[in-house]
Protein chains: 2
Amino acid sequence: MTSPAAGKPIRTAITDEDGIDFAIIELFFFAYRDFTSDPDQILADYGFGRAHHRVLHFVNRRPGLTVAELLDVLKITKQSLARVLKQLIDTDHIVQLQGPRDRRQRELYPTAKGRALALALARPQSRRIRAALEDSGTADRASIERFLEAMVNPELRAQIDIVPAQTSGKKNGDH
Amino acid sequence: MTSPAAGKPIRTAITDEDGIDFAIIELFFFAYRDFTSDPDQILADYGFGRAHHRVLHFVNRRPGLTVAELLDVLKITKQSLARVLKQLIDTDHIVQLQGPRDRRQRELYPTAKGRALALALARPQSRRIRAALEDSGTADRASIERFLEAMVNPELRAQIDIVPAQTSGKKNGDH
DNA sequence: AAATTACGTCAACAGTACTGACATAATCCC
DNA sequence: GGGATTATGTCAGTACTGTTGACGTAATTT
């Protein structure tokens with residue numbers, strides 16, 4: 001049961017000693033797990049995974065973004081993106097257009113099919129958020145939004161707020 | 001560039017039409033990504049991954065939990081847990097004790113080494129949370145906690161709150 | 001014309017998850 | 001007592017997502 005040189009078991013639960021906020025750490029894990037479980041179920045019907053969802057999401061949010069910009073947002077390598085993006089293009093969820101200024105670039109746009117899937121995936125997530133905001137009562141949307149934004153690395157906050165609420169895509173002022 | 005029967009590109013960004021809360025959906029993605037990046041860096045030094053972190057976290061939070069209980073909290077299969085748990089035991093971060101009542105069970109406890117690593121991993125996460133709470137100003141801790149808890153599937157909320165704040169482990173009233 | 005950039009692709013590998021099958025020991029129940 | 005069930009462990013195969021490294025091509029920059 002216990003190996004030869006095994007350390008002694010600690011029988012007391014870890015406490016909030018050192019001011020460690022275990023409650024929220026744990027809550028964040030559970031919340032994110034369930035948050036992603038809704039779209040995961042839908043994606044399975046398409047043979048897609050979470051990576052496809054992320055690509056689809058950002059292409060719909062910033063139509064016309066280039067491959068390099070997408071890589072920068074997702075923080076993955078191009079080899080990792082390649083497989084996923086190829087599948088989304090082959091299944092006609094996303095199309096590539098040659099960049100108008102720089103013909104080396106590939107601007108990514110959703111098709112009607114890709115737009116529809118993005119919406120279908122976001123719907124249960126949005127429903128969950130709305131319900132959580134209601135259930136938690138007092139918490140107003142803005143304060144949750146501010147908290148989540150503050151959780152993001154400062155250098156990377158530029159990636160957020162790129163979408164100007166209503167107006168159309170092609171508005172990438174970064175890089 | 002465009003394949004034969006490709007759909008037409010949609011050039012407008014997806015809107016908050018249909019009442020979809022894209023802002024918070026996206027924020028949640030960025031926040032969780034950065035939230036996990038801190039411990040990921042530390043884990044790399046040990047040759048561990050995120051799965052090790054989760055096991056270590058819950059064994060420290062509920063010392064004496066059984067393998068079955070751990071599987072239930074993590075919502076993974078025993079085959080998936082096996083490798084990770086074995087490594088943590090082999091490296092003397094966790095020890096197993098035969099269950100006192102039911103000798104088939106294996107109660108999991110952290111060693112001093114495992115406790116120390118769990119704390120080291122939680123520290124930057126807690127720091128990030130504290131900073132985010134401060135930065136976001138108004139948002140009081142309790143409302144964030146309530147929101148995150150409300151994001152979790154109702155059936156699974158029992159898993160939370162198991163740890164009674166200060167008292168020791170062995171208090172698993174579920175199942 | 002040479003260097004750099006944007007993108008694509010091939011190959012190998014790691015980490016985490018899954019399903020299915022089978023083994024062992026301990027407990028439960030008739 | 002003895003068969004069924006339960007808790008755990010393990011073997012084998014597979015999928016998805018990510019990595020590094022290398023190389024190729026076309027377009028732009030210098």
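Every chain is numbered from 1, with letters handed out A, B, ... down the list of sequences. What you see below is based on every heavy atom in this structure, not just the backbone, and it leaves out hydrogens, waters and symmetry mates.
- Nucleotides of DNA chain D nearest to L85(B) and L81(A) differ in position, and the one nearer the 5' end is that of L85(B).
- Taking only side-chain nitrogens and oxygens, Q96(B) comes nearer than 4.0 Å to OP1 or OP2 of dG9(D).
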Go through the steps to decide whether H53(A) and T36(A) satisfy the test side-chain contact (heavy atoms from CB on, under 4.5 Å), and finish with yes or no. CA-CA 10 Å; H53(A) 185 186; T36(A) 52; over 6 Å; no
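- Side-chain atoms of R83(B) and base atoms of dA17(C) include a donor and an acceptor less than 3.5 Å apart.
- Along DNA chain D, the nucleotide nearest to P100(A) and the one nearest to K75(A) differ in position, and the one closer to the 5' end is contacted by K75(A).
- Between dT19(D) and T77(A), a contact under 4.0 Å exists linking OP1 or OP2 to a side-chain N or O.
- Taking only distance into account, the side chain of R106(A) never meets the base of dG8(C) through a donor-acceptor pair shorter than 3.5 Å.
- Under 3.5 Å, the side chain of R104(B) and the base of dT8(D) form no donor-acceptor pair of N or O atoms.
- Aromatic ring orientation, H93(A) versus F48(A): perpendicular (interplanar angle above 60°, classes split at 30° and 60°).
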With side chain to side chain donor-acceptor pair (under 3.5 Å) as the criterion, how do R128(B) and N153(A) come out once you've worked through the C-alpha distance, each side chain's angles and the decisive distance to 0.1 Å? CA-CA 9 Å; R128(B) 182 184 290 269; N153(A) 285 348; 2.8 Å; yes
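- A tilted orientation is assigned to the rings of H57(B) and F22(A), their planes being inclined by 30° to 60°.
- With rounding to whole Å, L70(B) atom CG is found 15 Å from dA7(D) atom P.
- Rounded to whole Å, atom P of dA23(C) lies 15 Å from atom CD of Q79(B).
- With rounding to whole Å, F29(A) atom CZ is found 13 Å from dT16(C) atom P.
- Going from atom CG of D40(A) over to atom C1' of dT16(C) covers 14 Å, rounded to whole Å.
- Listed pair Q98(B) / dT8(D) fails the phosphate criterion, with no side-chain N or O lying under 4.0 Å from OP1 or OP2.
- For Q105(A) and dT4(C), the CD to C1' distance is 14 Å, given to the nearest whole Å.
- Of the residues in residues 41-58 of chain A, those with a non-hydrogen atom less than 4.0 angstrom from any atom of DNA chain D are G49(A), R50(A), A51(A), H52(A), R54(A).
- Protein atom CG of L71(B) is 14 Å distant from nucleotide atom P of dT10(D), rounded to whole Å.
- F58(B) has its ring centre less than 6.0 Å from the ring centre of F30(A).
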Would you please test E69(A) and V73(A) for side-chain contact (heavy atoms from CB on, under 4.5 Å) and show each step? CA-CA 6 Å; E69(A) 286 167 349; V73(A) 169; 5.6 Å; no
Would R123(A) and I20(B) count as a side-chain contact (heavy atoms from CB on, under 4.5 Å) if you check the C-alpha gap in whole Å, the side-chain angles of each, and the deciding distance to 0.1 Å? CA-CA 6 Å; R123(A) 215 163 279 134; I20(B) 307 264; 3.9 Å; yes
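- The distance from atom NZ of K86(B) to atom P of dT16(C) is 16 Å, rounded to the nearest whole Å.
- Rounded to whole angstrom, the span from the CZ atom of R101(B) across to the C1' atom of dC28(C) amounts to 17 Å.
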